[in-house]
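To start, the structure under review is shown below, and the notes come after it.
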Amino acid sequence: MAKTSPLVHKGSMDEYYFEERCFITEYWNSGEDEVVSVVRARVLPGVTTRLHRLVGIMERYIIMEGHGLVEIDGSPPQAMKPGDVVLIPPGVPQRITNPGITDLLFLAVCTPRFVPEAYEDLDEDVLPTLQP
């Protein structure tokens, strides 16, 4: 087995708006580690993310704060609370709604790591414009 050098990444706390209708803070997403990426997603109250899928990428949502209703592969929405984890297989349609009055925060852990080319928007409406 080949020995690899440890990587230390000083995560940025810079948050940006993603057209999926959520805010993203990237904790780990490096071409030096193709195996995994970790981001924090923040969904505002009353917002549903766009229906989408990730081609070739397994995703896990780890709910940290707030409550969500997750829809996977056309199944009825399932309630999620802090501590819950949902596993989303590659290529499966997904979205999450924040029905609460506070922000929904969750970690999205992708294997292999997330790359923009893997994101496929499945919503029928036009992509939203950037919001503050």
Side-chain angles (χ1 to χ4, degrees):
M1 182 165 155
K3 184 177 180 180
T4 59
S5 298
L7 293 175
V8 176
H9 174 71
K10 301 289 185 175
S12 170
M13 291 307 291
D14 293 335
E15 182 181 71
Y16 63 89
Y17 182 79
F18 185 56
E19 61 192 20
E20 186 183 330
R21 296 187 190 124
C22 62
F23 295 86
I24 299 295
T25 302
E26 292 200 36
Y27 291 152
W28 181 264
N29 191 352
S30 171
E32 296 178 66
D33 181 6
E34 297 289 338
V35 178
V36 66
S37 63
V38 180
V39 304
R40 185 195 73 187
R42 182 170 65 89
V43 181
L44 298 177
V47 171
T48 298
T49 61
R50 295 184 66 80
L51 184 64
H52 67 284
R53 65 179 163 211
L54 300 181
V55 176
I57 296 175
M58 175 92 61
E59 189 169 22
R60 296 140 192 93
Y61 289 173
I62 304 167
I63 308 301
M64 306 299 290
E65 294 180 25
H67 291 82
L69 297 171
V70 67
E71 297 174 58
I72 302 170
D73 205 16
S75 65
Q78 185 170 354
M80 303 293 291
K81 64 182 183 336
D84 290 348
V85 178
V86 61
L87 178 68
I88 305 161
V92 172
Q94 58 176 295
R95 67 179 155 203
I96 192 165
T97 299
N98 178 356
I101 59 171
T102 62
D103 290 351
L104 168 63
L105 297 175
F106 61 94
L107 297 179
V109 179
C110 293
T111 54
R113 79 180 181 102
F114 176 82
V115 291
E117 302 80 38
Y119 181 88
E120 287 189 359
D121 188 286
L122 302 173
D123 261 348
E124 294 180 5
D125 63 339
V126 177
L127 283 173
T129 58
L130 284 179
Q131 299 174 5

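Position 1 is the first residue of the sequence, and the numbers go up from there.
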Could you grab the distance from atom CE of Met80 to atom CZ of Phe106, nearest 0.5 Å is fine?
9.5 Å

Within a 6.0 Å radius of atom CE on Met64, are there more than 12 heavy atoms belonging to other residues, nucleotides or ligands?
no

Test Leu54 against Tyr119 for side chain to side chain contact (heavy atoms under 4.5 Å, CB included), laying out the working first.
CA-CA 5 Å; Leu54 300 181; Tyr119 181 88; 3.9 Å; yes

Measuring from atom CD of Glu26 to atom CD of Glu15, what distance do you get when rounded to the nearest 0.5 angstrom?
12.0 Å

Mind checking whether Val36 and Cys110 have side chains closer than 4.5 Å, heavy atoms only?
no

May I ask you to test the Val92-Arg53 pair for a side-chain heavy-atom distance under 4.5 Å?
no

So how far is it from Trp28 CH2 to Leu107 CG, rounded to the nearest 0.5 Å?
15.5 Å

What's the spacing between Glu65 CD and Asp103 CG if we round to 0.5 Å?
8.5 Å

What about Val109 and Tyr27, same hydrophobic cluster or not, with Ile/Leu/Val/Met/Phe/Trp/Tyr joined at side-chain heavy-atom distances under 4.5 Å?
yes

Go through Asn29 and Val39 one step at a time and tell me if the side chain to side chain contact (heavy atoms under 4.5 Å, CB included) criterion holds.
CA-CA 8 Å; Asn29 191 352; Val39 304; 5.6 Å; no

Is Asp84 close to Tyr61 at the side-chain level, that is, under 4.5 Å between some pair of heavy atoms?
no

Counting only heavy atoms from other residues, nucleotides and ligands, does the tally under 6.0 Å from CD of Gln78 exceed 12?
no

Same cluster or not: are Val85 and Leu87 linked, directly or through other Ile, Leu, Val, Met, Phe, Trp or Tyr residues, by side-chain heavy atoms under 4.5 angstrom apart?
no

Tell me whether Arg113 is salt-bridged to Glu34, with the criterion being a basic N under 4.0 Å from an acidic carboxylate O.
yes

Could you check whether any side-chain heavy atom of His67 comes within less than 4.5 Å of a side-chain heavy atom of Pro82, counting everything from C-beta outward?
yes

Shortest non-hydrogen pair, Pro112 vs Gly56, comes out as CD-O, 3.3 Å

State, with a plain yes or no, whether a side-chain heavy atom of Arg21 is found less than 4.5 Å away from one of Arg95.
no

Full working for side chain to side chain contact (heavy atoms under 4.5 Å, CB included) between Val47 and Asn98
CA-CA 6 Å; Val47 171; Asn98 178 356; 5.5 Å; no

Between the OG1 atom in Thr49 and the CD atom in Glu19, the distance rounded to the nearest 0.5 Å is 12.5 Å

Specify the closest pair of heavy atoms between Gly68 and Pro99, including all atoms of both residues, with the distance to one decimal.
CA-CD, 4.0 Å

Walk me through whether Lys81 and Ile63 qualify under side chain to side chain contact (heavy atoms under 4.5 Å, CB included).
CA-CA 6 Å; Lys81 64 182 183 336; Ile63 308 301; 5.6 Å; no

Could you measure the distance from the CD1 atom of Ile57 to the CD1 atom of Ile88? Nearest 0.5 Å is fine.
12.0 Å

Do you reckon Leu51 sits in the same ILVMFWY cluster as Leu69, going by side-chain contacts under 4.5 Å, direct or chained?
no

Test item: His52 and Gln94 side chains (from C-beta on) under 4.5 Å apart, heavy atoms
yes

What heavy-atom pair brings Ile24 and Ala41 nearest, and what distance separates the two atoms?
CD1-CB, 4.0 Å

Write down the atom of Val43, the atom of Cys22, and the distance for their closest heavy-atom approach.
CG2-CB, 4.0 Å

In terms of hydrophobic clustering (I, L, V, M, F, W, Y; side-chain heavy atoms under 4.5 Å; direct or indirect links), are Ile62 and Met58 co-clustered?
no

